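Notes to accompany the following structure.
Given the structure is predicted, the values throughout are model-derived calculations rather than measurements.
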Amino acid sequence: MTDDTDSEEVRADGSGPGIVPPDDETPTWRERKERTQGLSRLTYEYFERARREDQDLRQQSDYVERDVLGFPAWPHEMIRNLALTTFFVGMILFLAAALPPEMPAPANANTTPQIILPDWYLYWSFGLLKLSPLNPQLSILGGQKLMADRMYGVLANLVVVGAIAVVPFLNKGSARRPVENPFWAAIGMGGVIFSLTIAALSVQNLIPMSASLLLDLTFLLPLVAGTITYAVLRTMREGYMFNLNRRYYRLRPPK
């Protein structure tokens with residue numbers, strides 16, 4: 001004969017005792033702290049309890065539409081964020097140990113390097129300072145330029161930064177995914193490609209390409225990338241919206 005406790009099937013679908021105890025048997029903080037299962041066990045318990053609470057609330061609800069449920073920040077959101085943070089911190093430590101950065105020779109204060117560049121995240125701004133070929137020459141001024149090349153580059157920086165600041169005020173739609181608004185997604189893709197091409201223009205002396213061709217590609221590639229992005233998302237939009245509506249806004253049969 002087998003013991004009755006051995007014959008009971010442990011279920012985690014909410015219909016049986018499951019792994020996570022019911023609400024009236026929830027352990028205290030001291031009891032939970034004394035456990036030795038670690039973060040993985042605690043994370044599993046969080047997901048299991050969240051799933052079961054969601055199922056219980058759906059069964060008790062009288063609404064026909066899909067219910068939008070939320071959970072408190074502690075412990076639900078905190079445990080999830082802690083698990084994600086632990087993973088990414090572990091990956092950073094692994095890369096730092098496996099691929100340590102190579103320390104170059106110390107800088108010599110008595111010599112000036114041939115190529116002076118800012119930090120990599122400012123390459124785009126440095127590239128805008130090299131738009132002197134686009135600085136117009138006015139015949140009314142005897143073929144002279146209206147402003148200096150350096151001032152022209154500074155104004156180009158102001159225009160780009162101002163355009164980025166204005167975009168949130170222009171795009172006030174409710175779209176949360178690129179496929180729901182292909183136009184602004186294409187604008188964003190074009191901006192990303194432009195930041196890369198203008199950064200390449202800032203180090204044009206390191207790229208084996210003529211300066212005129214590189215300048216043309218700086219403005220041509222963002223237009224091509226934006227056009228392709230708009231065409232692809234526009235093609236995917238109809239099918240995507242159908243699947244989205246069927247998944248999130250499907251009516252449940254009444255009880």
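- Across Pro222 and Gly190, no two heavy atoms sit closer than the pair CB-O, 3.4 Å.
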### Task
Apply side-chain contact (heavy atoms from CB on, under 4.5 Å) to Val160 and Ile198, showing your working.
CA-CA 12 Å; Val160 172; Ile198 199 67; over 6 Å; no
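- Here the CG-CG distance, from Leu122 to Leu129, works out to 10.5 Å after rounding to the nearest 0.5 Å.
- Of the inter-residue distances, the one linking Leu134 atom CG with Leu128 atom CG reads 10.5 Å to the nearest 0.5 angstrom.
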### Task
Assess whether side-chain contact (heavy atoms from CB on, under 4.5 Å) is satisfied between Trp124 and Phe194, documenting all intermediate values.
CA-CA 9 Å; Trp124 65 271; Phe194 179 72; over 6 Å; no
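- The same ILVMFWY cluster, assembled from side-chain heavy atoms under 4.5 Å apart, contains both Tyr152 and Leu158.
- Across all non-hydrogen atoms, the minimal contact from Leu233 to Pro182 is CB-CB, 3.8 Å.
- In this structure, Leu155 is a member of the same hydrophobic cluster as Leu201, with clusters built from ILVMFWY side-chain heavy atoms closer than 4.5 Å.
- When all heavy atoms of Gly226 and Ala186 are compared, the pair lying nearest together is O-CB, 3.2 Å.
- Residue pairs that meet the ring pair (Phe, Tyr, Trp, His ring centres under 6.0 Å) test with at least one member in residues 163-192, sequence neighbours left out, do not exist here.
- Put simply, OH on Tyr123 and CG on Leu117 are 4.5 Å apart, with the number rounded to the nearest 0.5 Å.
- Judged by distance alone, with hydrogens and angles left aside, the side-chain atoms of Thr197 form a donor-acceptor pair with the main-chain N or O of Thr218 at under 3.5 Å.
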### Message
I'd like to know whether Asn108 forms a side-chain contact (heavy atoms from CB on, under 4.5 Å) with Thr111, so could you lay out the CA-CA distance, the side-chain angles of the two residues, the decisive distance to 0.1 Å, and finally the verdict.
### Response
CA-CA 6 Å; Asn108 188 359; Thr111 59; 3.6 Å; yes
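- Side-chain heavy atoms closer than 4.5 Å link hydrophobic residues (I, L, V, M, F, W, Y) into clusters, and following such links, possibly through other members, connects Leu131 to Leu213.
- Heavy-atom minimum distance, Ala97 versus Pro100: O-CD, 3.9 Å.
- Taking each heavy atom of Ala200 and Leu214 in turn, the nearest pair found is O-CD2, 3.8 Å.
- Two residues are said to be in side-chain contact when any heavy atoms from C-beta on lie closer than 4.5 Å; Gln204 and Leu215 fail this criterion.
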### Task
Dump the intermediate steps for side-chain contact (heavy atoms from CB on, under 4.5 Å) on Leu217 and Met209, then the final yes or no.
CA-CA 11 Å; Leu217 293 179; Met209 185 182 300; 3.9 Å; yes
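- Taking CD1 of Ile193 as the reference point, atom CD1 of Ile228 lies at 9.5 Å (rounded to 0.5 Å).
- To the nearest 0.5 angstrom, Tyr230 atom OH is 10.0 Å from Thr235 atom OG1.
- A continuous path of ILVMFWY side-chain contacts below 4.5 Å connects Val154 to Ile164, so both sit in one hydrophobic cluster.
- Dense packing is recorded around CE of Met147, with more than 12 heavy atoms of other residues, nucleotides or ligands lying under 6.0 Å away.
- Residues passing the side-chain hydrogen bond (donor to acceptor under 3.5 Å, both in side chains) test with Asp119 are Tyr121, sequence neighbours excluded.
- Cluster membership for Val166 and Ile187, using ILVMFWY side-chain heavy atoms within less than 4.5 angstrom, is shared.
- Asn171 contributes no side-chain N or O that, together with a main-chain N or O of Val167, makes up a donor-acceptor pair within less than 3.5 Å.
- Rounded to the nearest 0.5 Å, atoms CG (Leu82) and CD (Glu77) are 12.5 Å apart.
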